[in-house]
Each structure stands twice: as C-alpha cells, then as structure tokens.
Asker: 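Following this message is one structure expressed as structure tokens.
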Amino acid sequence: RHSALCPFQKARRADCTMSPARLLVAASLLFSAAVAAAAGGNLRGQNSPVVQKRFRNVPGLQSFSGRVIVKLKSEAELAKEGRAQVQSMAMRSRAQEGIMSKQVSRQDDRLDMFVVETEGEDENGFIGKLLASQEGAEAYEFVEPDYLLQPLACPNDPRFAEQWHHGDSHLQSCAAWDIQTGSPGVTVAICDTGMEISTHPDLWATRKEGYNSVDRLWESQGGSVSNVSDHGTKTAACAAASGNNGLGVFGVGWGLSHRPMRVSNSNGGGAFLSDILHAAMTAADAGDKVVSVSYAGVEAASVRAAATYIKSKGGLLVWAAGNDEAERAFGDRDGDDVIVVGATTQADAKASFSAYGTAVDVVAPGHDILTATLGGGYESVSGTSFSAPLTAGLLGLIWSANPALTPDEVEQVLKRSCDDIGDAGVDAIFGYGRINAYKALQLAAGGAAEPPATTEAATTVPTAEATTTPATSDSPTSSAATTAAPSTTALPTPTTTAADCDEIGGGGGGERA
C-alpha cells in the first residue's frame, strides 16, 4: 500500500526520497486528490473520509464527559466502498490497533464500538485527531462524544391530573383494551434511572428481572435497579402500569411485562450515552420486543446504529425527541430504525417544549400525564419522556395482538394508525401524527382503522385476562457483550379487582421530563 504522502513508496515507514520530477508528479497527484475530495469524492472513486462536525457541550442536558465513542466500519460497508475483503480486513485491523493503543474504557463487539478516554483533551480536538489519522480516514464510521446525558426533566408542579390521554378523543385506550390489554410474553424494557421495585403496587405484577448497565450486572448477580431518581418509575408506569387492579393508573399496555434497565448510578440519573446504548442492546439480546429511552441525545449517530442492531434482534427502539423546542433534522424518519416521539397537549397541539422536525416519527400525549411515582403514589408530569413510553406500550400492544408481525410491520402499523392532527399527511411538526391505540390494534388484526362512535367518558370495562398471571423472568440469549442470564426469582403479585374507564377525564399540571 502506498503512503498518502509518498505515492511512490511501498514501505510505509521508509524514507521518502524522490527526484524533482517525481516531486512534481506527487504534488500534482495531491492537488488533484484535494480537488476531488472537495467535490465529494477521491481519485479511487471510493467514499470520502469521515468529515468532522463540531459537537456542542450543553451542561445540564448533554455534557462532555472526557470520553468518545468510536465505531468501526463493517466489512460490508467497506465492500460498498469498493474495498476487497483482504484490504477491508487489514484496514479494520489497523483501525482497531489504533484504538487499542489509547485508553479504552468500554468495548461493545455487537456494533464494533469503543469508548475511548480523551485523557484531558477537548472532545472536538481529540475527535479531529482521530478522524485525521489514516485509520480514521479509512475505517471509522463515526466518532462522537460519549455524552453525559440527563433524564429529560424540569421542576415539579403539585397539581394532580386524571389520565385524559386514554380518552376517546386521544388514544382510545378503552376500545383498544377490548381487543388487547397486552401479553406478559411481550416485554417493554425501560432504560432509565431504575424504579421503585418493591413498594409500588402498579409495578409489581409484570416486572421482569432488571439489569444495571453501569455495573454490567443482572439483579441476580447483584446489579441494583432500585431508583436513583423518580424518573424511571414514572416512565415505566406510562408504558405498563398494571390495570384492572383497583389501584392508581393504567399503563397503555397494562398486561405487558416490563424490565427495568438502570443506566445510572448517580443521584439525579445522569448517564453516559454508551451505558444507555449498552442497556438497550442487552434488553434486545434478552428478547425484549420494545426498548424505551427518555433521555437527551437522540441525534447521536450511535443511537441509530443501536436501533438497527435492536431491529435485527426482532425489536424496536423508541427515544424521546427532547424538551428543548429544537428542530430535529438529523435524518429521515423513514430512513433510520429509531422511533423518535414528540409530545402533544390535551388539545392535540404540539407541547410548547417538544422538539420537532423531519427526524420525529410520531407524537403522543406528553402534557399533564398522570403516572406512578415514589412512595406508592401518583403524580402529574409533562415531557417527551412520557410520550416515548406511551408509544412503547402501544408497540407492545400491537405485538401482543399479532405476534407474527416483523419490527418493520409493527412500525408501519404504528404510523398508519396515527390521527393526522397537523397539515394533511406527514409533516415536520407531528410526523405521521398522534398515536391511536384502538386504530393500531384494528390494523394489527387486519381490520379497519376507523374509531367507534363513542364519547370521551367511556364505559367499557377492560378485560383482565392478561393481568392475573405475573410475568416470570426470562433467559436472554448470551453474547460477547452480555452477562449471564437473569434469574427466575418470583416477584410479588398485588390483589386484582375490577376498575373501569369511567374515571378517565380532565386537566392539571405537572412535572416536565
């Protein structure tokens, strides 16, 4: 292989001594290469090297951590660039050697991703040097900060709201629950701050064994999944709080199983992006069908890479759009594998805080959402943090109604069943629209998606078939990046009594997260 700076030299580390004529030819070649690169290509007709962008440090939301994530290109990606297999293998080997020569704190073979310490150097400067290296130009798919992310939150509001989002003008949950309340064989993984694992009655019945992604340990191995913040308890209840038990609130999929995947050991819940992604992929390895994340950072390239991995394992990744009112235009909502969810109000308007843009797939209620909180209580909250698990719960219902559907088919059912609440068709504010549980289950069963003629104060009593049997822990498929299987320790089961939908009603304020 010729050196980039010495085109006539075959030994990479040999002295480069050329005649004036050869120097002139070399200079011409280098100038032509620069022109071609500026035009978006190079002399070999292969993809240009990775171009560095400037990353922002946003303290309190997604801050630099002194670590970066490096992902190698796969042999398939290099083959698309015209590389021969032997050449691809050599390039990947050199790139991996270059990474391992630095201080590597984490490695995930599932995606060929490495977490590398910057050793005190500024993230943008460190990333620039990596991308400017031969290895970076050849074989790095991307390099980005391993952000320290915060749960999407803001101060509490003490007002208490009913679960208006389940009503017939929004999710039509009661009509949906006549079709399916969620199978305990379908699990929603909640990648968050842990949850109240022993005292909240709405989270007992269908909880599966949890995992601590910071310590890389299942509960049975000593991994703690108890709450370091109330955020995880609130998001879990939105997706899968037990229903028809005479207590508290309904999750969208109240018969589904849920799994706490604690991503932080810090008070307040700050988590490294790499630990969140590790939790998400480990849940997929365990067979969980839906993974929900309510943190900042959705625009990271590694999020989309993890989503593709999760889809390859038969699942789907849902991520909150964010509460910064920003435009999310980093990709095509139909061109990647992550489902990005914005937030709406009771009036079916975009919540003032919600992010929007071409990357947002759907929206879901996210303002004044009544959910479970610490101490066995309930609280009204607001934020895309709660829109995401509501959507995750609906994905679990779709799979419960039709387990034969592929991840792509489930995603299409979700999108096609949305209520179009903005400009006609798919738009940049609401994406495909606001999710509708009843329409989604109609589509999943092969029926029409038209709603029934009912009023907001529904009187349908949801069936309790899926709530009388608590879920048992499963045994995830082991891989190079996962730990031993979780145990099958039984979890306590609350007493169930009838509870209907007459209580669904109106407004209030709350925490935004």
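Basis for what follows: all heavy atoms, side chains included, without hydrogens, waters or symmetry-related copies.
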Asker: Would you call Asp146 and Arg106 a salt bridge, taking side-chain N to carboxylate O under 4.0 Å as the test?
Answerer: no
Asker: Determine whether a donor-acceptor pair (N or O, by modelled atom type, separation under 3.5 Å) exists between the side chain of Ser387 and the backbone of Ala364.
Answerer: yes
Asker: Report the residue from Arg304, Lys311, Lys313 that forms a salt bridge (Lys or Arg N to Asp or Glu O under 4.0 Å) with Asp337.
Answerer: Lys311
Asker: Does a side-chain heavy-atom distance below 4.5 Å link Leu111 with Lys71?
Answerer: yes
Asker: How far does OG1 of Thr345 sit from CZ of Phe353, to the nearest 0.5 angstrom?
Answerer: 9.0 Å
Asker: Which heavy atom of Gly357 sits nearest a heavy atom of Arg333, and at what distance?
Answerer: O-NH2, 3.1 Å
Asker: Can you measure from CE (Met261) to CD1 (Ile276) and round to the nearest 0.5 angstrom?
Answerer: 12.0 Å
Asker: May I ask you to decide if Pro184's main-chain N or O and Ser257's side chain share a donor-acceptor pair within less than 3.5 Å?
Answerer: yes
Asker: Nearest 0.5 Å, what's the CZ-CG distance between Phe272 and Leu149?
Answerer: 10.0 Å
Asker: Output, in order, the C-alpha distance, side-chain angles, deciding distance and verdict of salt bridge (Lys or Arg N to Asp or Glu O under 4.0 Å) for Asp192 and Lys234.
Answerer: CA-CA 10 Å; Asp192 215 291; Lys234 293 172 179 176; over 6 Å; no
Asker: Could you give me the CA-CA distance, side-chain angles and deciding distance for Glu411 and Asp361, then say whether side-chain contact (heavy atoms from CB on, under 4.5 Å) is met?
Answerer: CA-CA 10 Å; Glu411 182 176 349; Asp361 293 88; 4.2 Å; yes
Asker: With salt bridge (Lys or Arg N to Asp or Glu O under 4.0 Å) as the test, would you mind laying out the steps for Lys208 and Asp288 before giving the verdict?
Answerer: CA-CA 10 Å; Lys208 287 194 172 182; Asp288 298 349; 5.2 Å; no
Asker: Considering only heavy atoms from C-beta outward, does the side chain of Asp108 approach that of Leu277 to under 4.5 Å?
Answerer: no
Asker: Tell me yes or no: between the side chains of Tyr356 and Asp427, is some donor less than 3.5 Å from an acceptor?
Answerer: no
Asker: Could you tell me whether the side chain of Thr193 and the main chain of Val228 form a donor-acceptor pair under 3.5 Å?
Answerer: no
Asker: Could you pull out the closest heavy-atom pair between Ser302 and Ile69, with the gap in Å?
Answerer: OG-CD1, 4.0 Å
Asker: Under 3.5 Å, is there a donor-acceptor pair between the side chain of Asn124 and the main chain of Arg54?
Answerer: no
Asker: Is a side-chain donor or acceptor of Ser292 paired with a backbone partner of Val318 at a separation under 3.5 angstrom?
Answerer: no
Asker: Would you say Asp423 and Ile429 make side-chain contact, with heavy atoms under 4.5 Å?
Answerer: no
Asker: Got a second to check how far Asp332's CG is from Thr358's OG1, nearest 0.5 Å?
Answerer: 7.0 Å
Asker: Which heavy-atom pair separates Arg259 from Ala286 by the least distance, and what is that distance?
Answerer: NH2-CB, 4.0 Å
Asker: Does the distance from a Lys or Arg side-chain N to an Asp or Glu carboxylate O, for Asp334 and Lys415, drop under 4.0 Å?
Answerer: yes
Asker: Are the side chains of Trp218 and Thr282 in touch, meaning some heavy atoms are under 4.5 Å apart?
Answerer: yes
Asker: Among Thr308, Val340, Val303, Ile339, which residue satisfies the side chain to side chain contact (heavy atoms under 4.5 Å, CB included) criterion with Leu317?
Answerer: Val303
Asker: Looking only at non-hydrogen atoms, find the nearest pair between Gly270 and Ser264 and report the distance.
Answerer: O-OG, 2.7 Å
Asker: Please report the closest heavy-atom contact between Phe430 and Lys350, naming both atoms and the distance.
Answerer: CE2-N, 3.6 Å
Asker: Is the ring pair Phe386/His231 parallel, tilted or perpendicular, if the boundaries are 30 and 60 degrees?
Answerer: tilted
Asker: Evaluate salt bridge (Lys or Arg N to Asp or Glu O under 4.0 Å) for Glu299 paired with Arg56, printing each intermediate quantity in order.
Answerer: CA-CA 12 Å; Glu299 65 273 18; Arg56 291 193 309 139; 5.9 Å; no
Asker: Under a 4.5 Å cut-off applied to non-hydrogen side-chain atoms, are Thr371 and Thr235 in contact?
Answerer: no
Asker: For Val263, which of Cys191, Pro151, Ser274 qualifies under side chain to side chain contact (heavy atoms under 4.5 Å, CB included)?
Answerer: Cys191
Asker: Has the side chain of Asn212 got a donor or acceptor atom that lies under 3.5 Å from a matching backbone atom of Val225?
Answerer: no
Asker: Applying side-chain contact (heavy atoms from CB on, under 4.5 Å), run through Arg262 and Ser226 and close with a yes or a no.
Answerer: CA-CA 8 Å; Arg262 199 175 90 179; Ser226 62; 3.8 Å; yes
Asker: Using side-chain heavy atoms (C-beta onward) and a distance below 4.5 Å, is Ser242 in contact with Trp254?
Answerer: no
Asker: So, Lys289 side chain and Gly314 main chain: donor-acceptor pair closer than 3.5 Å or not?
Answerer: yes
Asker: Would you please test Asn323 and Thr384 for side chain to side chain donor-acceptor pair (under 3.5 Å) and show each step?
Answerer: CA-CA 6 Å; Asn323 299 337; Thr384 57; 2.8 Å; yes
Asker: CG of Leu148 to OH of Tyr295: how many Å apart, nearest 0.5 Å?
Answerer: 9.5 Å
Asker: Without hydrogens or angle criteria, can the side chains of Asp275 and Ser213 be said to hold a donor-acceptor pair below 3.5 Å?
Answerer: no
Asker: Whether the side chain of Ser63 engages the backbone of Val58 through a donor-acceptor N/O pair (distance < 3.5 Å, no angle test) should be reported.
Answerer: no
Asker: Can you say whether the rings of His278 and Tyr211 are parallel (under 30°), tilted (30 to 60°) or perpendicular (over 60°)?
Answerer: tilted
Asker: The test is salt bridge (Lys or Arg N to Asp or Glu O under 4.0 Å); show your working for Asp419 and Arg434 and say whether it passes.
Answerer: CA-CA 5 Å; Asp419 287 328; Arg434 194 246 307 123; 2.7 Å; yes
Asker: Under the 3.5 angstrom rule, does the side chain of Glu209 hit a backbone N or O of Glu219 as a donor-acceptor pair?
Answerer: yes
Asker: Do Val68 and Glu123 have side chains that approach each other closer than 4.5 Å (heavy atoms only, starting at C-beta)?
Answerer: yes
Asker: Enter the distance from Arg67:CZ to Glu144:CD here, rounded to the nearest 0.5 Å.
Answerer: 13.0 Å
Asker: Please confirm whether the backbone N or O of Asn227 pairs with a side-chain atom of Glu196, one donor and one acceptor, at under 3.5 Å?
Answerer: no
Asker: Determine, step by step, whether Ser354 and Val363 satisfy the side-chain contact (heavy atoms from CB on, under 4.5 Å) criterion, reporting the C-alpha distance in whole Å, the side-chain angles of both residues, the deciding distance to 0.1 Å, and the verdict.
Answerer: CA-CA 9 Å; Ser354 179; Val363 292; 5.7 Å; no
Asker: Which atom names give the shortest non-hydrogen contact between Val362 and Cys418, and what distance separates them?
Answerer: CG1-SG, 3.7 Å
Asker: Does the side chain of Phe64 come within less than 4.5 Å of Tyr147's, by heavy atoms?
Answerer: yes
